[in-house]
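Some notes on the structure that comes next.
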Number of protein chains: 2
Amino acid sequence: MFTVKQISKLAGVTPRTLHHYDEIGLLKPSRVGDNGYRYYGKESLLRLQQILFYRELDMPLDDIRKIIGRRDYDKLGALQSHKVALNKKVARLNRLIQTVDNTINHLQGDNIMSERELFKAFSEEEQEQYALEAEQLYDAATVRASNKKWKSYSAAKRESILAEGNTIYADMVAAMPSGVRSRAVQVIVERWHKHMEYFWTPKLEQLVGLANGYNDDPRFKANFDKIHPQLAEFMREAVQVYVANSRKSGSK
Amino acid sequence: MFTVKQISKLAGVTPRTLHHYDEIGLLKPSRVGDNGYRYYGKESLLRLQQILFYRELDMPLDDIRKIIGRRDYDKLGALQSHKVALNKKVARLNRLIQTVDNTINHLQGDNIMSERELFKAFSEEEQEQYALEAEQLYDAATVRASNKKWKSYSAAKRESILAEGNTIYADMVAAMPSGVRSRAVQVIVERWHKHMEYFWTPKLEQLVGLANGYNDDPRFKANFDKIHPQLAEFMREAVQVYVANSRKSGSK
DNA sequence: TTAAACCCTGACGTGACGTTAATGTCAAGG
DNA sequence: CCTTGACATTAACGTCACGTCAGGGTTTAA
């Protein structure tokens, strides 16, 4: 059993916040002493953690109460979606950072920025339009086929394939400054294209969908962010250029 | 010249917000028509962008006004620090994501979590306490010496040193799952120790300070986060173990 | 037994707008 | 010229998540 002060220290909130949460019925103490003191148990801790996650995503306390108050409330599912939401926040912040960079260059006269560009990272919108596309790409059949191919390799082979992948992404990060259209980057995209065939043999258009998936699908995005916060986004643009070019030269 | 509605669409704020900013003298229109209409010019856009960046970092509007109102206000410098602050936010979110993962495992019974762990990503604290130490480490003399040594290398040599560094950090990320005390990690720390001598020859204790610097100094931290969001923190712990062990075996 | 450190309940304050109301302005089409 | 609809204005009260007193009781360690 913890007192308000103890909880407040643990969770980084003030006692007043706990009073407030009690008042509005969001987090009631497990037990109230005869002296009126609030005592919280371990379940309260877990519930408070959930509340803080939702609050982190700017949800009104009233809505939070409604959600975690439902008797069929699914803790695990909620945590999964917290992760997705937090990843989106990270993506947004990364776009903001990109905008800061652009603005710095803009002020130094190195590039020009339209009015829209100045703010495009702030306004949400224009996200998720690729969601359907990605959904379609990662359908059950594709995933099954891809898994099968992967499992057919020896452990050593798998190691070396993963290593090759890491090298490609590392090279890509190194080449980022030269821009998505640069020869250097496009050569790496080609290596990446070849590399993908260890998993499945994508058609040219599917490459774009795959690169979109790197951005939209949290499973991938998180891993890419570890390498470089702008890598997924950069890859998407680079692959678009690559596919556009390949089509031109390939179809004549 | 833009009207309130136009600005609001561009920047993703409501007209009411612009009214409010006018009221409190944070962002006044470039011109007010005879009809009382507010008209904003391009300078206003840039100023609004700055305001939104500060707001993104949860700064009170009153403070924002004071800062950008100063006549020696440095736009570029501000943007630089926006970047640092945004990167800190990203790092925090990554820690939160890590906590979500841990909690998921915890609920599935795969690991146990202390009360502190449940919340450690929320509470800020335990950042920056090494600030002084780091300050001391990066004093002018050290930095000068380090720069001098670095400049004495040929361009090719520098390239290869940087590459070696990248390899070490990549290997470190790969070895993270085995824990800070594992043989694998400690061997890599030793390689890192050797590697550092290209820059200067740190005394054993200074290694700890250096690794702390990776966490505390935003210049380094941002770069480490690009490789892996927990790398800087992991290095700090690993180096502490390394130094403790070296002292034991070295001094007998 | 006394001080320090904790607890309680009101109740009002605050910051950044949202919302509503009542009213004026402008551009386009009939 | 007149209407209509989308814009603009000011004024003023509402909201949300607490912060901040004020006034008073309780617990613990010296």
With a 4.0 Å limit, can you tell me whether [X] has a side-chain N or O closer than that to the phosphate oxygens OP1/OP2 of [N]?
{"X": "B:His19", "N": "C:dC17", "result": "no"}
{"X": "A:Thr17", "N": "D:dA17", "result": "no"}
{"X": "B:Arg38", "N": "D:dT10", "result": "yes"}
{"X": "A:Arg55", "N": "D:dC18", "result": "yes"}
{"X": "B:Thr3", "N": "D:dC7", "result": "no"}
{"X": "A:Thr14", "N": "D:dG19", "result": "yes"}

Could you state the [atom1]-[atom2] distance from [X] to [N], rounded to the nearest angstrom?
{"X": "A:Phe2", "N": "C:dC6", "atom1": "CZ", "atom2": "P", "value": "16 Å"}
{"X": "B:Tyr37", "N": "C:dT23", "atom1": "OH", "atom2": "P", "value": "16 Å"}
{"X": "B:Asp62", "N": "C:dG15", "atom1": "CG", "atom2": "P", "value": "7 Å"}
{"X": "A:Tyr39", "N": "D:dT26", "atom1": "OH", "atom2": "P", "value": "12 Å"}
{"X": "B:Met59", "N": "C:dT14", "atom1": "CE", "atom2": "P", "value": "21 Å"}
{"X": "A:Asp22", "N": "C:dC8", "atom1": "CG", "atom2": "C1'", "value": "11 Å"}
{"X": "A:Ile64", "N": "D:dC18", "atom1": "CD1", "atom2": "P", "value": "9 Å"}
{"X": "A:His20", "N": "D:dT20", "atom1": "NE2", "atom2": "P", "value": "15 Å"}

Nearest-nucleotide 5' precedence on DNA chain D, B:Gln6 against A:Pro60:
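Whichever sits nearer the 5' end wins; that is B:Gln6.
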If you assign each of A:Asn35 and A:Tyr21 to its closest nucleotide in DNA chain D, which residue comes earlier from the 5' end?
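That would be A:Tyr21.
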Parallel, tilted or perpendicular: ring planes of A:Tyr54 versus A:Tyr73, cut at 30 and 60 degrees
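Judged by the thresholds at 30° and 60°, the geometry between A:Tyr54 and A:Tyr73 is tilted.
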Flag the pair A:Tyr40 / A:Leu27 as yes when at least one side-chain heavy-atom distance between them is below 4.5 Å, and no otherwise.
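Yes, their side chains come closer than 4.5 Å.
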Within a strict 4.5 Å, meaning less than it, do heavy atoms of the A:Lys120 and A:Arg95 side chains meet?
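A:Lys120 vs A:Arg95: side chains apart.
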Is it true that A:Ser30 and A:Ser44 share a donor-acceptor pair across their side chains at a distance under 3.5 Å?
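The criterion, which ignores hydrogens and geometry beyond distance, is satisfied for A:Ser30 and A:Ser44.
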Counting heavy atoms from C-beta on, name the nucleotide in C:dC6, D:dA17, D:dT20 closest to the side chain of A:Lys5.
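Per side-chain heavy atoms of A:Lys5, the pick is C:dC6.
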From the set D:dA12, D:dT9, D:dG19, return the single nucleotide nearest to any side-chain atom of A:Arg16.
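Comparing D:dA12, D:dT9, D:dG19 against the side chain of A:Arg16, the answer is D:dG19.
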Tell me, yes or no, whether the heavy-atom count around A:Lys28 atom NZ, taken from other residues, nucleotides or ligands under 6.0 Å, exceeds 12.
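For A:Lys28, atom NZ is not crowded (no more than 12 foreign heavy atoms under 6.0 Å).
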